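The structure appears right after this line, and notes come after that.
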Number of protein chains: 2
Amino acid sequence: MGGALTAKGRATRDRIVHGAAEVLRDRGVASATLDDVLSRTGTSKSQLFHYFPEGKDQLLLAVAQLEADQVLADQQPHLGCLDSWDAWSRWRDAVVERYEEQGDHCPLGSMFLQIGRDTPGARAIVVELLRQWQEHLATGIRAMQEAGHVPAGLDVDRAAAALLAGIQGGVTILLSTGRSDHLRAALDQGIAGLRPISVP
Amino acid sequence: MGGALTAKGRATRDRIVHGAAEVLRDRGVASATLDDVLSRTGTSKSQLFHYFPEGKDQLLLAVAQLEADQVLADQQPHLGCLDSWDAWSRWRDAVVERYEEQGDHCPLGSMFLQIGRDTPGARAIVVELLRQWQEHLATGIRAMQEAGHVPAGLDVDRAAAALLAGIQGGVTILLSTGRSDHLRAALDQGIAGLRPISVP
DNA sequence: CGAAAAATGGACCAGCAAGTCCAATCCGAT
DNA sequence: ATCGGATTGGACTTGCTGGTCCATTTTTCG
């Protein structure tokens, strides 16, 4: 596995990972089998185990990483420049749209049930995703603070944490019920909480 | 299955369901087998399939219902009488404590990955749980409103939805990271959002 | 070119777990 | 007591799925 990977090999490996991601999206983690992946990607078992010697878990981990990267990528460029109320609003819409489109499957969430949350690699992926996500939010809030749009006294990290929790929960509920009301409410309230108190 | 259940039969059925719940908590849904349940409860396969003719899914569904009921029960009596700021504070502490103790497993969440979210029964259970939960919150907010502790103009259902989303997300993050910061932040901010704007 | 390394095909294996079946036993009602 | 239905025991079947193995082809590189 070291560095011995030709261009062809890398291509095959990528094909397997991406194909596996598709299969997991379609069939769900619980019922997706290696043979599904093989037939979808037109590869053989020996190839799969050649590139993922540790088997299914290793493949799932690779897919999890792929999906994790996608989560933040799908929120760009909005998430990267939260420096005006308008930008926050556009980001909000992007988040709602992304998860409404995603439908009723949760590529990342399901994966950790299968792999086990305490696997060294698995936990690291989700922790790192959450960290980066929250950092982006905090950066945005600080930018607003410096521009005087958000009260200076506001606890940035706490606000970012609460907002992130609201999103997570909103998505969870969207997955369970098919309705995005909670996600919208959480986003709106989270953002509203940043605004300075309007003195009548 | 109809009404033909003697006292002994009912006892056995209950023993199986509760034993299954224990096994799922210990081993996790993914790796729990029917044989685990049997050896834990000292029953035989024919008994299990006698009381759950539709097999494993039916058993999991029964366990899911059990766990769903437990979620709200564990928040009582606080959740039922959210009529003062002090009561809200006690409820908050109860929620945090409950989920900190629960550790890193999510009996309900994991179950739906296994059963499939679109199973007729599965979705109904979680939807009903969320509905009741949110209703309790809304009732509490309305009580506070009538007592004049919460601004009359506040959109109760929206606030309850956002708070519920925050809790869900906080718990999700607690499960993933082991830290309860987000849950606490979401609860605090959600409750703080109810308070009237303090005019300096 | 030619050898070594990488990539590939696909048959095969092993184990496990859900579900079936039938015989044996218990229990309540007549 | 006894008859019928409820309950129980546990061996057996069946299908699937992750994983192994080795022969073959392709690529790389001196």
Side-chain angles (χ1 to χ4, degrees), chain A residues 1-21 23-24 26-64 110-111 113-116 119 121-122, chain B residues 1-20 23-24 26-64 110-111 113-116 119 122:
Chain A
M1 259 296 286
L5 249 290
T6 70
K8 192 179 181 186
R10 222 171 307 127
T12 302
R13 204 194 114 108
D14 282 0
R15 193 151 37 95
I16 292 175
V17 176
H18 284 86
V23 170
L24 292 177
D26 287 0
R27 285 185 148 46
V29 176
S31 61
T33 77
L34 293 186
D35 290 313
D36 290 335
V37 176
L38 299 184
S39 64
R40 163 95 50 145
T41 60
T43 46
S44 69
K45 233 169 202 170
S46 70
Q47 295 182 68
L48 197 153
F49 281 88
H50 180 66
Y51 296 107
F52 301 92
E54 290 160 44
K56 193 180 191 183
D57 284 357
Q58 191 182 2
L59 175 60
L60 287 179
L61 220 58
V63 175
S110 4
M111 219 101 52
L113 275 309
Q114 185 83 0
I115 309 179
T119 309
Chain B
M1 257 291 287
L5 248 291
T6 70
K8 193 179 180 185
R10 221 171 307 128
T12 302
R13 204 195 113 107
D14 282 2
R15 194 150 37 96
I16 292 176
V17 176
H18 284 86
V23 169
L24 292 177
D26 287 1
R27 287 185 142 49
V29 177
S31 61
T33 78
L34 293 186
D35 290 313
D36 290 335
V37 176
L38 300 183
S39 64
R40 163 97 50 146
T41 59
T43 47
S44 69
K45 225 155 206 185
S46 70
Q47 296 183 66
L48 196 153
F49 279 89
H50 181 66
Y51 296 107
F52 301 92
E54 290 160 45
K56 193 180 191 181
D57 284 357
Q58 192 183 1
L59 175 60
L60 287 179
L61 220 57
V63 175
S110 3
M111 220 103 49
L113 275 310
Q114 185 82 1
I115 309 179
T119 309

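All chains are named by letter (A, B, ...) in the order of the sequence lines, taking the proteins before the strands, and each is independently numbered beginning at 1. A quick note: this is a predicted structure, and the numbers were derived from the prediction, not measured. As a basis for the values below, the full set of heavy atoms in this structure was taken, side chains included, without hydrogen atoms, waters or symmetry mates.
The salt bridge (charged side-chain N to carboxylate O under 4.0 Å, His left out) contacts involving residues 32-51 of chain A comprise A:Glu22-A:Arg40, A:Asp26-A:Arg40, A:Arg27-A:Asp36, A:Asp35-A:Lys45, where partners must be two or more places apart or lie in separate chains.
Considering all non-hydrogen atoms of both residues, B:Ala62 and B:Arg13 come closest at CB-NH2, 4.5 Å. Nearest heavy atom pair, residue B:Lys56 against residue B:Ala32, reads NZ-O, 3.2 Å.
Put simply, the residue from A:Leu60, A:Leu59, A:Leu61 that forms a side chain to side chain contact (heavy atoms under 4.5 Å, CB included) with A:Phe52 is A:Leu59.
Counting heavy atoms from C-beta on, the side chains of A:Tyr51 and A:Val17 never come closer than 4.5 Å.
In this structure, the side chain to side chain donor-acceptor pair (under 3.5 Å) partners of B:Thr41, at least two apart in sequence or on a different chain, are B:Thr43. By the side chain to side chain donor-acceptor pair (under 3.5 Å) test, A:Asp57 is found to be paired with no residue, residues two or more places apart in sequence or in another chain being considered. For A:Ser31, there are no side chain to side chain donor-acceptor pair (under 3.5 Å) partners, not counting sequence neighbours.
With a heavy-atom cut-off of 4.0 Å to chain B, the contacted part of DNA chain D has its first and last nucleotide at D:dA6 to D:dG10.
Distance CZ (A:Arg10) to P (C:dA6): 13 Å, rounded to an integer number of Å. As a whole-Å value, the separation of A:Arg15 CZ from C:dA7 P is 13 Å.
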Under 4.0 Å protein heavy-atom contacts per nucleotide of nucleotides 17-30 of chain C, with B for base, S for backbone only and - for none: SBBBB----SS---
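The phosphate of C:dA7 (OP1 or OP2) has no side-chain N or O of A:Gln47 nearer than 4.0 angstrom.
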